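Heads up, the thing below is written out as structure tokens.
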Amino acid sequence: MHAPRSTPIIEPELLMLAYRSGIFPMSDSRDDPEIFWIEPRLRAILPLEALRVSHSLARTLRRGRFTVTCNEAFSKVMDACAAPRRVKPEHEDIEDGGSWISERIQASYENLHFLGHAHSIEVWQEGRQGRELVGGLYGVGFDRVFCGESMFSRVSDSSKVALAWLVAALRRGGASLLDCQFMTPHLASLGAVEMPQKQYLALLQKAQVGHASERGDHWMTGSSTGSGSAGAGVAVGDALAAGDGVLALPDAFLALLDDAASCGLASSPGKLIAQAFTQTS
């Protein structure tokens with residue numbers, strides 16, 4: 001975990017208030033010191049029960065092509081999301097953009113991560129020089145909400161694997177809303193839906209009402225780190241039923257690993273993820 005950079009940051013209280021109000025910041029370029037606040041007319045969300053996992057993605061999850069971790073390399077994930085990427089429309093999980101993640105925005109989210117409010121999912125692959133970061137995503141979590149900010153992919157299916165683990169962890173942790181901000185063909189193919197901002201705000205309010213007073217603000221304070229490897233094995237039952245209460249994303253990720261271990265899949269938790277989405281798709 002990196003300490004916050006020296007770049008002037010957006011105050012974390014202001015950032016979290018914005019997210020709780022359905023607003024988020026962007027910039028015009030990587031070196032732009034200014035930010036502007038976005039409240040889209042149309043909002044994309046991914047219903048947690050509706051993630052579409054193809055046969056090929058399920059096979060990738062089962063076979064252990066990647067190792068998946070949570071909060072192990074937040075700054076590296078942000079670096080990769082902010083880096084320029086070529087547009088390849090024929091590759092469903094490679095997108096252009098990233099320039100909106102300015103140095104100031106990155107410093108602000110690294111500070112949120114330092115405070116336990118922002119989290120990342122990392123996807124690794126063994127290479128000639130050891131383990132390499134090949135995909136991932138990051139976002140902001142609070143109450144029963146996770147606001148996905150950006151994802152990247154350097155190897156086919158790596159960002160989809162990150163998303164599958166994210167959705168599984170959110171379900172396991174008792175979340176109810178995964179915000180994707182803007183609709184893209186890639187997100188639509190994975191089950192995302194678009195709605196008016198007013199409808200999104202109603203869902204956002206519902207995902208917050210009563211939670212902090214009843215259970216404590218766990219999504220705001222969780223900061224655990226977990227990791228796991230995907231691998232091959234026999235089919236197992238769906239052990240992803242949500243636990244009691246609401247867990248921060250890192251704690252929910254660790255709970256997934258515990259579930260896999262209880263099924264005899266400690267070395268191949270991806271098998272559990274694949275089975276869960278095969279049963280619900």
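Quantities reported herein were computed from a predicted structural model and do not represent experimental measurements.
Looking at Leu51 and Leu190, their side chains come closer than 4.5 Å, going by heavy atoms from C-beta outward. Using a 4.5 Å cut-off on side-chain heavy atoms (C-beta onward), Lys160 and His186 make contact. Annotation: side chain of Pro269 is not in contact with side chain of Leu256 (no heavy-atom distance under 4.5 Å). Using a 4.5 Å cut-off on side-chain heavy atoms (C-beta onward), His117 and Leu15 make no contact. Looking at heavy atoms from C-beta onward, Arg65 lies out of side-chain contact with Val161 at the 4.5 angstrom threshold. In this structure the side chain of Ile121 never reaches within 4.5 angstrom of the side chain of Met151, judged on heavy atoms.
Remark: side-chain polar atoms of Ser153 are paired, donor with acceptor, to backbone N or O of Val155 under 3.5 angstrom. Between the side chain of Arg63 and the backbone N or O of Gly270, no donor-acceptor pair lies under 3.5 Å. In terms of modelled atom types and a separation under 3.5 Å, the side chain of Arg104 and the main chain of Glu34 share no donor-acceptor contact. The backbone N or O of Ser27 lies less than 3.5 Å from no partner atom in the side chain of Ser102, so there is not a single donor-acceptor pair.
Residue Leu247 comes nearest to Ala255 through the heavy atom pair CD1-CB, 4.2 Å, listed as atom of the first residue, atom of the second, then distance. Closest approach of Gly174 to Val246, counting heavy atoms only: O-CG2, 4.2 Å. Between Pro25 and Trp100, the shortest heavy-atom distance links the atoms O-CZ3, 4.1 Å. For Cys70 against Phe253, the heavy-atom pair with the smallest separation is CB-CG, 3.6 Å. Between Gln106 and Ser75, the shortest heavy-atom contact is NE2-O, 3.7 Å. Scanning all heavy atoms of the two residues, the minimum distance from Ala260 to Leu272 falls at N-CD2, 3.7 Å.
Atom CG of residue Leu265 and atom CG of residue Leu257 lie 11.5 Å apart, to the nearest 0.5 angstrom. Here the straight-line distance linking atom CG of Asn111 with atom CD1 of Ile9 works out to 3.5 Å at 0.5 Å rounding. With values rounded to the nearest 0.5 angstrom, Leu170 atom CG is found 5.5 Å from Leu48 atom CG. In this structure, CZ in Phe152 is found 4.0 Å from CG in Leu133, a value given to the nearest 0.5 Å. Between Tyr109 atom OH and Ile10 atom CD1 the span is 6.0 Å, to the nearest 0.5 Å. Between atom CD1 of residue Ile23 and atom CD1 of residue Ile38 there is a gap of 10.0 Å, rounded to the nearest 0.5 Å.
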Using a 3.5 Å cut-off and no angle test, enumerate the donor-acceptor pairs between side-chain atoms of residues 175-183 and protein atoms at least two apart in sequence or in another chain.
from	atom 1	to	atom 2	distance (Å)
Asp179	OD1	Arg43	NE	3.0
Asp179	OD1	Gln181	N	2.8
Asp179	OD2	Arg43	NH2	2.9
Asp179	OD2	Tyr200	OH	3.4
Gln181	NE2	Glu149	OE2	2.6

**Prompt:** Which is it for Glu39 and Leu201 under the side chain to side chain contact (heavy atoms under 4.5 Å, CB included) test, yes or no, and what are the steps along the way?
**Reply:** CA-CA 10 Å; Glu39 186 177 16; Leu201 291 176; 4.0 Å; yes
**Message:** I'd like to know whether Leu163 forms a side chain to side chain contact (heavy atoms under 4.5 Å, CB included) with Leu46, so could you lay out the CA-CA distance, the side-chain angles of the two residues, the decisive distance to 0.1 Å, and finally the verdict.
**Reply:** CA-CA 10 Å; Leu163 185 60; Leu46 180 57; 4.0 Å; yes
**Message:** Using the rule given for side chain to side chain contact (heavy atoms under 4.5 Å, CB included), can you reason through His119 versus Leu166, listing the C-alpha separation, both sets of side-chain angles and the distance that settles it, and then say yes or no?
**Reply:** CA-CA 10 Å; His119 309 291; Leu166 172 67; over 6 Å; no
**Request:** Apply the test side chain to side chain contact (heavy atoms under 4.5 Å, CB included) to residues Ser108 and Ile105: give CA-CA distance (whole Å), side-chain angles for both, the deciding distance (0.1 Å), then the verdict.
**Result:** CA-CA 5 Å; Ser108 300; Ile105 284 178; 5.5 Å; no
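Residues passing the side-chain contact (heavy atoms from CB on, under 4.5 Å) test with Glu11, sequence neighbours excluded: Glu13, Leu14.
Counted within 6.0 Å of CD on Gln205, heavy atoms from surrounding residues, nucleotides or ligands total 12 or fewer; the atom is thus considered open.
Tyr138 and Phe74 have perpendicular rings, their planes meeting at more than 60° on a 0 to 90° scale where under 30° would count as parallel.
Neither Tyr19 nor Leu17 shares a network with the other; the hydrophobic side chains, linked directly or stepwise wherever heavy atoms of I, L, V, M, F, W or Y lie under 4.5 Å apart, form separate groups for each. Linking ILVMFWY side-chain heavy atoms closer than 4.5 Å, directly or via other members, places Leu204 and Leu42 in two distinct hydrophobic clusters.
Between Glu122 and Arg131 there is no salt bridge, since no side-chain nitrogen of the basic residue lies less than 4.0 Å from a carboxylate oxygen of the acidic one.
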